[in-house]
Amino acid sequence: MDIQYLGHSSFIVTLGGKKILFDPFISENPLNKTTKVEDIKCDIILVSHGHFDHVADVEQVAKQNECTVISNYEVVNWFGKKDIKGHPLNHGGMVTMDGISIKYVNAVHTSSMPDGSYGGYPGGFVVWTADECLYFAGDTALTLDMKLIPMTCPKVTVSILPIGDNFTMGYEDAAIAAQFVECDKIVGCHFDTFGYIEIDHSAAKQAFEAKGKTLHILGIEESIEL
Ligand code: NI
Ligand code: MN
């Protein structure tokens, strides 16, 4: 699958011929100097939870692409009031669209919408086709629930894991998360955007290497085929 990083926890993953946009936070990302929201093309938007650094550009991107937002019931309802099409999931639930299966899985974090309203419970996604499977953890601590993923989903090919610490797990816990999901190829997210989450990239890579895993840290707009 092709994975393009748009900064923070925003990615466009091309899987099963569809462009899946995760957690768009582009216009307000202090590290983004190049990506313009109006240029983003996608077929579907997946939103892990309601925090501003995951939803800031959902409305504009959804409207310009006329695409569906998939998230938990509360996040989908909140965007529904802005005339955005949505498909609600809740934890443990799955939907299959155009040959792509999308399952909403547990995350340990908090959630509220940018206006302070209730955002439901945060989650992550496992997304797969017949050939490939991606785990996008969202904002989360390390949790034993991650061990359920290889028991309930196809073999995970690539995982996108938060590595920035402070608001989520740090890279050392994320390396254990990679063991829990039984995945060797990791792409890092949720690091460096704010002072609280600045990390040492080489130390992060070493933490994964020590467990026989590979951590990829991408620059904004950089793509990788994994
Ligand atoms: Ni968050
Ligand atoms: Mn966040």
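Residue numbers count from 1 along this sequence. Just so you know, ligand 1 is whichever comes first in the structure, and atom 1 is the first atom listed for that ligand. What you are looking at is a predicted structure, and each value in this text was computed from that prediction instead of being measured. Every heavy atom of this structure was used, including side-chain atoms; hydrogens, water molecules and symmetry mates were not.
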### Query
Between Thr157 and Glu132, does any side-chain donor sit less than 3.5 Å from a side-chain acceptor?
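There is no such pair between these side chains.
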
### Task
Go through the side-chain N and O atoms of His51 and Asp139 and say whether any donor and acceptor fall under 3.5 Å apart.
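Distance-only check fails for His51 and Asp139.
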
Do any side-chain atoms of residues 166-183 form donor-acceptor pairs under 3.5 angstrom with protein atoms, and if so which ones, sequence neighbours left out?
none

### Query
Other than Tyr73, which residues form its hydrophobic cluster under the rule that side-chain heavy atoms must be closer than 4.5 Å?
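Other cluster members: none.
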
### Task
Say whether, by atom type as modelled, one donor and one acceptor occur between the side chain of Thr14 and the main chain of Lys19 under 3.5 angstrom.
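Absent.
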
### Query
List-wise, which protein N, O or S atoms are found short of 2.8 Å from the Ni ion (ligand 1)?
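The answer, once waters are left aside, is His49 NE2, His51 ND1, His109 NE2, Asp139 OD2.
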
### Query
Aromatic ring centroids of Phe208 and His216 under 6.0 Å?
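No, the ring of Phe208 stays outside the 6.0 Å limit from the ring of His216, centre to centre.
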
### Task
For the residue pair Leu161 and Tyr135, establish whether any side-chain heavy-atom pair is separated by less than 4.5 Å.
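Sidechains of Tyr135 and Leu161: in contact.
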
### Query
Between His87 and Met97, is any pair of side-chain heavy atoms under 4.5 Å apart?
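Yes - at least one pair of side-chain heavy atoms lies under 4.5 Å apart.
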
### Message
Please tell me whether Leu142 and Ile149 are part of a single hydrophobic cluster in this structure, the criterion being side-chain heavy atoms less than 4.5 Å apart.
### Response
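Cluster IDs for Leu142 and Ile149 match.
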
### Message
I want to verify a count. Protein N, O or S atoms less than 2.8 Å away from the Mn ion (ligand 2), how many are there?
### Response
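Counting protein N, O and S atoms closer than 2.8 Å to the Mn ion (ligand 2) gives 4.
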
